[in-house]
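Structure first, then comments.
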2 protein chains.
Amino acid sequence: MNAVTTSTRELAHPTRDEIRLEGVLHALSDPMRLRIVRELAVAESDLSCSYFTLPVTKSTTTHHFRVLRESGVIRQVYRGTAKLNGLRREDLDLLFPGLLDRVLAAAALEADRLGTDG
Amino acid sequence: MNAVTTSTRELAHPTRDEIRLEGVLHALSDPMRLRIVRELAVAESDLSCSYFTLPVTKSTTTHHFRVLRESGVIRQVYRGTAKLNGLRREDLDLLFPGLLDRVLAAAALEADRLGTDG
DNA sequence: CCCGAATTACGATAGGTGTCGTACAATGGC
DNA sequence: GCCATTGTACGACACCTATCGTAATTCGGG
């Protein structure tokens, strides 16, 4: 009905200064999560969870998105029944300059090297 | 038991092309291991395990060094009763250009931010 | 040839984690 | 109001992992 759908469901995000390097590295060390992050990185805007077609169930997908959110790697906002996901680029770049880009570049190089892209 | 006393106990290392980004990120996502890597990074030469004074037992320290070696982050060589540890900078920089430096810089920034250095 | 120093091996343990399946909840369109 | 779409909650399970303590191994030196 409303032109601007204001969702009431709130999601807990760590503030910028609560983000820990160890947590970010751990979040990125899982193949599924790294794949999600890579897709978010090349996306022009936020992507819904259903956009991703991962070789795991929806339950597991939900789990991975939560890990990414709670570690501060992504931001999640409800819009209707969907949940939009976006990288927290600014926060990450402020805390860990250049880190995300290097990880993404490394992931691209490795995917190319192994011939298995995600 | 044997007669070969060339002090060459061999340790299994992954070859460069066996190193995986996920494994490296996972290895670096542990506080103890990140601390070890940071110390190795500023060292002029290889360091023995006993050089490090970590708040864990020697058994646990051995475990962490093994994780770092098996993930390809460090190289370990026996010399007498000691075991010398060094970063595999060249291999890592070839595989993942700039990644290690950014992680180290991020770790330094975070340590400064949190006021808790290692 | 024994001793001490450095490190490992082994077993144990508590907690984390990736995965699944099924049942449940929120939302927007009809 | 109903229902399809989207995602969550919860329980379960196998596996991994960080940690410890103690016993064992390797090596150089006396």
Side-chain angles (χ1 to χ4, degrees), chain A residues 1-12 20 22-37 46-71 73-86 118, chain B residues 1-13 20 22-37 46-71 73-85 118:
Chain A
M1 280 301 181
N2 300 346
V4 179
T5 51
T6 53
S7 171
T8 53
R9 279 186 285 177
E10 290 291 322
L11 286 164
R20 295 289 174 272
E22 294 86 342
V24 171
L25 293 179
H26 175 249
L28 296 177
S29 71
D30 180 90
M32 290 301 139
R33 293 195 289 264
L34 187 55
R35 186 163 152 177
I36 290 170
V37 168
D46 290 6
L47 300 175
S48 71
C49 295
S50 62
Y51 173 88
F52 299 85
T53 52
L54 302 173
V56 291
T57 64
K58 291 202 170 190
S59 300
T60 304
T61 302
T62 295
H63 160 70
H64 285 311
F65 275 105
R66 183 171 51 235
V67 171
L68 286 171
R69 171 170 47 84
E70 292 180 347
S71 67
V73 175
I74 68 170
R75 172 187 358 98
Q76 293 189 297
V77 183
Y78 279 107
R79 204 184 67 179
T81 63
K83 193 152 86 172
L84 295 185
N85 305 274
Chain B
M1 195 185 343
N2 61 353
V4 182
T5 59
T6 48
S7 74
T8 46
R9 277 183 286 172
E10 289 294 322
L11 285 163
H13 288 76
R20 296 289 173 271
E22 294 86 342
V24 170
L25 294 178
H26 175 248
L28 297 176
S29 71
D30 180 272
M32 289 303 138
R33 292 196 288 263
L34 188 54
R35 186 163 153 178
I36 291 171
V37 169
D46 290 5
L47 301 175
S48 70
C49 295
S50 61
Y51 173 89
F52 299 84
T53 53
L54 302 173
V56 292
T57 63
K58 293 204 168 192
S59 301
T60 304
T61 302
T62 295
H63 160 69
H64 285 310
F65 275 105
R66 183 171 50 231
V67 172
L68 286 172
R69 170 171 48 84
E70 293 181 346
S71 67
V73 175
I74 68 171
R75 171 186 2 96
Q76 292 189 298
V77 183
Y78 279 106
R79 202 185 67 179
T81 62
K83 193 152 84 172
L84 296 185
N85 305 274

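Lettering follows sequence order; numbering is per chain, from 1.
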For this session: Would you mind telling me which residue lines up with the more 5' stretch of DNA chain C, A:V56 or A:H26, judged by nearest nucleotide?
Result: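 Looking at the nearest nucleotide for each, A:H26 comes out on the 5' side.
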
Exercise. A:S59 or B:H63: which one's nearest nucleotide on DNA chain C is closer to the 5' end?
Worked result: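 Counting from the 5' end, the first nearest nucleotide belongs to B:H63.
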
Starting at [atom1] of [X] and ending at [atom2] of [N], how long is that distance when rounded to a whole Å?
| X | N | atom1 | atom2 | result |
| --- | --- | --- | --- | --- |
| A:L84 | C:dG28 | CG | P | 12 Å |
| B:Y51 | C:dT7 | OH | P | 14 Å |
| B:E10 | D:dT25 | CD | C1' | 17 Å |
| A:K58 | D:dT6 | NZ | P | 6 Å |
| B:M32 | D:dT17 | CE | P | 17 Å |
| B:F65 | C:dA9 | CZ | C1' | 18 Å |
| A:I36 | D:dG7 | CD1 | C1' | 14 Å |
| A:L54 | C:dT19 | CG | P | 9 Å |

Problem set entry | Residue closer to the 5' end of DNA chain D, A:R66 versus A:A82 (nearest nucleotide) |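 The residue mapped nearer the 5' terminus is A:A82.
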
Exercise. Between B:R75 and B:D46, does at least one N-O distance fall below 4.0 Å, as a salt bridge requires?
Worked result: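 Judged by the 4.0 Å cut-off on N to carboxylate O distance, B:R75 and B:D46 do form a salt bridge.
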
For this session: Using a 4.5 Å cut-off on heavy atoms from C-beta on, say whether the side chain of B:E22 contacts that of B:S71.
Result: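 Result no, sub-4.5 Å side-chain heavy-atom pair not found.
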
Ignoring backbone atoms, establish whether [X] has a side-chain N or O less than 4.0 Å from OP1 or OP2 of [N].
| X | N | result |
| --- | --- | --- |
| B:R79 | D:dG28 | no |
| B:T81 | C:dT7 | no |
| B:T60 | D:dC20 | yes |

For this session: Please tell me which of the listed nucleotides, C:dT7, D:dG7, C:dG21, lies nearest to the side chain of B:T62?
Result: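 In terms of side-chain proximity for B:T62, the closest of C:dT7, D:dG7, C:dG21 is C:dT7.
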
Exercise. Which part of the nucleic acid, if any, lies within reach of B:S48 when heavy atoms closer than 4.0 Å are counted: base, sugar-phosphate only, or nothing?
Worked result: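 It contacts sugar-phosphate atoms only.
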
Exercise. Would you say the side chains of A:T62 and A:S59 form a donor-acceptor pair under 3.5 Å?
Worked result: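 Note: A:T62 and A:S59 side chains miss the donor-acceptor criterion.
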
For this session: Could you check whether the rings of B:H26 and A:H26 sit parallel, tilted or perpendicular, using 30° and 60° as the cut-offs?
Result: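 Tilted: the ring planes of B:H26 and A:H26 meet at 30° to 60°.
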
For this session: Using atom types as modelled and distance alone, determine if a side-chain donor or acceptor of B:R33 lies under 3.5 Å from a backbone N or O of B:A27.
Result: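 Yes, because the side chain of B:R33 sits within donor-acceptor range (under 3.5 Å) of the backbone of B:A27.
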
